[in-house]
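Take a look at the structure below.
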Amino acid sequence: MSDSFYPNQFDCIVVGAGHAGSEAAYISAKGGLKTLLITMNLDTIGQMSCNPAIGGIAKGHMVREVDALGGLMGKVIDATGIQFKMLNTSKGPSVWAPRAQADKKEYQLKVKHTLEATKNLSIRQDTVEDLIIEGNQLKGLVTGRGFTFYTNHAILTTGTFLSSIVHIGTYQKENGRIGEPTTKGLSKSLGSHHFNLGRLKTGTPARVHKLSINFQGLELQPGDDIPPAFSYSTKEITRRQIPCHITYTNDQTHKFINENLHLSPMYSGQIQSTGPRYCPSIEDKVVRFAQRDRHQIFIEPEGYETNEIYLNGVSTSLPEEIQWKFLRTIKGLEQVELMRPGYAIEYDYVDPRELKPTLETHKIKGLFHAGQINGTTGYEEAAAQGLVAAYNVIRSHRKQEPMIFQRSESYIGVLIDDLVYKGVEDPYRMFTSRAEYRLLLRQDNADQRLMKYAYEMGLVDKEMFEATLDKYKIIDSIKTTIQKSSMKPSDELSKVLEEKGIENYKFGTNVANFLKRPEIKIQDIEMFLPELKTLSLADKAVIEMEIKYEGYLKREMDSVDLRSRYIQTPIPDDFSYEQVKGLKTEALTKLNKHKPINLEKASQISGVDPTDIDLLLFYLASKTTAKQTV
C-alpha cells in the first residue's frame with residue numbers, strides 16, 4: 001500500500017496508549033520531538049484496566065516522582081479523583097503514601113484530552129505488527145493496516161496485548177482485555193530478532209452493581225479531611241469525596257472456593273504462566289493462606305456517574321457462575337449482581353535483562369520497552385518506565401549523555417535497576433522494602449530530589465522550579481531556627497506540657513530536642529516560631545520529619561556514601577558468605593552459586609535484597625578498614 005500521502009517520518013513513535021505509553025508520548029512531545037502515538041483504540045487511551053485508583057505504598061512515591069520530572073499522572077488524578085487518603089500515617093514517614101480512587105472514565109478522558117492537546121504529538125488508531133531493522137538500528141514500524149512509519153526511536157508499551165488470552169473457567173478468548181483484540185505480529189517480530197520472550201499472568205476481580213450491595217454494617221472508609229494532592233502544581237483539591245467500604249470473606253466463602261478449585265484455570269492446568277506474587281487471586285489466597293479465616297475486600301466505586309463497583313481483593317478466574325455464588329456468601333454481597341466477571345489474562349513479555357538502564361534494548365539501537373512488556377504490574381510502575389524511556393529518547397536526539405536514575409535518589413531508580421539487572425520471575429510490583437534508602441526517598445520530597453532534571457530538560461518551567469527552590473530555602477531556614485532556639489517557660493508551653501502528660505520538664509534544651517519527643521508535634525512548637533503558621537501542612541510535615549528523624553537520615557546518607565566508596569570492592573572467589581551474620585538463606589544460596597566479583601554484581605542477583613547488601617557492605621568495609629589500619 002502506498003503511504004506517501006501520509007506524514008510518515010517521526011522523531012519518536014510510541015506503541016500503546018496505556019499508562020506507560022501515555023506518559024512516554026506526553027514527555028517525548030513536551031521535549032520537542034515530533035512524536036506519533038499508535039494505539040489499537042482511541043477510546044481506551046489512558047484506561048484503567050484493573051482497579052480505579054492511583055498510588056498506594058511505594059506507588060504513590062513513584063507518582064510524585066513522575067510529577068516532579070514533568071509527567072502527567074499526578075496532575076490527572078488530582079483532577080479526577082473521588083477519594084484521597086494518605087496511607088500509613090500511624091507508621092514512620094518513610095512509608096507514608098498518597099492514594100486516590102479515580103473516577104475511572106473521567107481519568108481516561110482527561111488523559112486522552114491532554115494528549116490530544118499536546119503540541120508535537122500525533123495520534124493514530126492502528127496496530128504495530130513488525131519492526132524495520134537495518135543492522136542493529138531501528139528504522140521504522142509496520143502497522144496492521146499496512147502503513148510504514150519511519151523513525152530511529154520507538155518505545156513499545158504493549159501492556160497485556162501481546163499474544164494474550166483471557167480465561168474465565170474453561171472459557172478462553174484471544175483478548176488483550178476482555179472484549180478487546182490481542183496482537184500477535186509484534187510478538188513474532190520480537191522473537192525473530194532473538195528477544196527472550198516469556199509468559200506472565202495477571203487478573204482482575206468482578207465488577208458488581210452498587211444497588212445490589214447492602215452497605216449496612218460494612219466498615220466505612222472515608223477520605224482524608226484535607227485531601228493530599230499528588231502533583232506539586234496542585235494548590236488544593238476541592239472535589240467531592242465518595243466513601244469506600246470494607247467487607248471480608250469467611251469460612252463459607254473459602255469452603256465453596258476450595259470445592260471448586262478444579263474449575264479454576266490456575267489449578268486445572270489451563271494456565272501455565274506465573275501470576276503476581278503480591279496480588280494473588282482469591283483462589284491462591286485460600287490455598288496459600290489456609291490458616292486465615294478471612295480476607296479483606298475493599299468495595300470501591302468507579303466514579304460519580306456510574307453504579308459499577310470494583311471488588312478489590314477477590315481477583316479470580318473461576319467460572320462466572322461460581323464467582324456469582326461465592327460472592328453471595330460474603331456480608332453485604334448476599335444479593336449482589338455481577339456486571340462484569342473477574343478473569344485472568346496471559347500475555348507475552350520480554351525479559352527486562354534485555355534492556356540497558358535507559359530502557360533501550362541491547363540488541364536494537366533506538367528500540368525502548370516500557371511497562372508490562374518488561375514484566376511489571378501496576379499503573380505507576382508503567383508510567384515511571386514510560387517517562388524514563390522518553391527522557392532517554394529526548395537525550396539521544398540532543399546528543400546528551402543517557403539519563404540513569406540512581407537507587408539512592410528515587411524509587412524509579414530502584415525499579416529500573418531491579419528490572420534490568422535482576423529480571424523478573426513473576427509480575428514485578430514496587431514496595432518500600434525494595435529501597436535501601438526509604439527515609440531519603442519519601443513521598444514528600446520528590447520535587448527536591450528530582451525536579452532539577454526536569455528543569456534542565458525543559459520539561460518543568462522556570463517559575464515552578466524556582467518556587468521549589470524557594471520552598472526548600474524557607475524550610476531549611478526554619479529548621480536552622482528551630483535547632484538554635486531555646487525553650488522558654490510560658491503559659492502556652494505549660495498548657496502543652498499538661499495536655500501531653502509531661503511532668504517535671506527541665507528547661508535548658510533547644511526547641512529541636514523538644515520536637516524530637518514522640519508525643520510532640522510541630523503544631524506544639526508554633527508558640528516559639530510564629531513563622532511556622534504561614535507554612536502549608538505539607539511543608540510543616542517535612543520540617544517535623546527531618547528534625548525527628550535527623551539521626552536516621554544521617555545514617556542513610558552515610559550509607560549512600562559508604563556504598564559509593566565500596567561498591568566496586570572485590571569479593572574473593574573463595575569468600576565464605578556464612579561469616580556474614582544475618583544474611584537470608586536465599587541470599588546465601590544465590591551468592592554462593594553466582595560468586596559475584598564485587599558488591600555491585602552481588603546487588604544485581606535476584607533474591608539478594610538491599611538488607612543483604614548492606615550486611616555484606618559493612619562486613620567488607622570493616623575488613624578493608626582493618627587492613628588499612630594495620
Side-chain angles (χ1 to χ4, degrees), residues 18-20 22-23 46-69 71-104 106-108 110-111 221-234 236-237 239 241-244 246 276 278-279 298 300-303 310 312-313 371 376-387 410-412 414-415 428-435 438 441-447 449-450 537-538 541:
H19 301 280
S22 297
E23 211 68 60
Q47 179 157 308
M48 294 177 146
S49 302
C50 196
N51 63 313
I54 295 292
I57 308 304
K59 293 169 173 282
H61 294 67
M62 283 192 293
V63 179
R64 287 268 173 91
E65 292 178 353
V66 165
D67 185 74
L69 289 163
L72 184 62
M73 181 173 275
K75 297 177 181 64
V76 175
I77 186 58
D78 284 352
T80 62
I82 59 176
Q83 188 195 89
F84 296 81
K85 291 179 74 73
M86 185 66 74
L87 305 182
N88 274 354
T89 53
S90 62
K91 299 179 181 179
S94 66
V95 294
W96 292 13
R99 184 181 189 272
Q101 293 294 128
D103 184 305
K104 182 176 178 178
E106 196 178 351
Y107 182 97
Q108 182 255 312
K110 181 70 173 177
V111 174
Q221 292 287 300
D224 289 352
D225 292 335
I226 301 175
F230 282 87
S231 176
Y232 291 99
S233 62
T234 301
E236 184 182 17
I237 292 172
R239 289 170 61 85
Q241 296 203 65
I242 297 177
C244 297
I246 291 178
Y278 299 106
C279 189
F298 285 92
E300 300 176 346
E302 295 213 338
Y310 180 89
N312 191 341
T376 61
T377 181
Y379 309 147
E380 302 82 4
E381 290 88 344
Q385 292 170 73
L387 180 140
S410 64
Y411 274 91
I412 292 175
V414 174
L415 167 70
Y428 180 101
R429 179 180 181 181
M430 180 55 72
F431 293 100
T432 52
S433 59
R434 295 190 189 274
R438 292 185 287 278
L441 307 184
R442 305 184 313 277
Q443 51 79 32
D444 60 70
N445 67 354
D447 55 344
R449 291 184 276 117
L450 299 172
L537 290 175

Take L415 and Y428 through the side-chain contact (heavy atoms from CB on, under 4.5 Å) test and state the conclusion after the steps. CA-CA 9 Å; L415 167 70; Y428 180 101; 3.4 Å; yes

Is a side-chain N or O of R442 found less than 3.5 angstrom from the main chain of S94, in a donor-acceptor match? no

Okay, side chain of R64, backbone of D447: is any donor-acceptor separation there less than 3.5 Å? no

Residues P98 and M86: closest non-hydrogen pair is N-SD, 3.4 Å

salt_bridge(K85, E300) N-O dist < 4.0 Å: no

Y411 and M62: which non-hydrogen atoms are nearest, and at how many Å? CB-CG, 3.7 Å

Heavy-atom donor-acceptor pair, E23 side chain to A384 backbone, under 3.5 Å: no

If I compare all heavy atoms of I82 with all of A102, which pair ends up nearest, and what's the gap? CD1-O, 3.7 Å

Residues N88, T432; criterion side-chain contact (heavy atoms from CB on, under 4.5 Å); working and verdict: CA-CA 12 Å; N88 274 354; T432 52; over 6 Å; no

Of all the heavy-atom pairs spanning H19 and Y107, show the shortest one and how long it is. CE1-CE2, 3.7 Å

Polar side-chain atom of E65 near backbone of A446 as donor-acceptor pair, under 3.5 Å: no

From CD (Q221) to CD1 (I242), nearest 0.5 Å: 15.0 Å

Greater than 12 external heavy atoms within 6.0 Å of K75's NZ: yes

Between the side chain of Q108 and the main-chain N/O of K104, is any donor-acceptor distance below 3.5 Å? no

Taking Q101 for its side chain and C244 for its backbone only, find out whether a donor-acceptor pair lies under 3.5 Å. no

Considering only heavy atoms from C-beta outward, does the side chain of L387 approach that of M73 to under 4.5 Å? no

Please check: side-chain N/O of R434 versus main-chain N/O of R429, any donor-acceptor pairing under 3.5 Å? yes

Between the side chain of D67 and the main-chain N/O of G74, is any donor-acceptor distance below 3.5 Å? no

Residues D103 and T80: side-chain donor-acceptor under 3.5 angstrom: no

Within the side chain of D78, is there an N or O that forms a donor-acceptor pair under 3.5 Å with the backbone of S231? yes

Here the gap from R438 atom CZ to F431 atom CZ, rounded to the nearest 0.5 Å, amounts to 13.0 Å

Nearest atoms (heavy-atom pairs only) where D224 meets Q241: O-NE2, 2.9 Å

Distance in Å, F84 CZ paired with F230 CZ, rounded so as to fall on 0.5 Å steps: 7.5 Å

Side chains of V76 and I54: closer than 4.5 Å at any heavy-atom pair? no

Sidechain-backbone polar pair: E380 side chain, G55 backbone, donor-acceptor under 3.5 Å: yes

To the nearest 0.5 Å, what is the distance between CD1 on I77 and CZ on R99? 9.5 Å

What one should report as the nearest heavy-atom pair of Y379 and S49 is OH-N, 3.3 Å

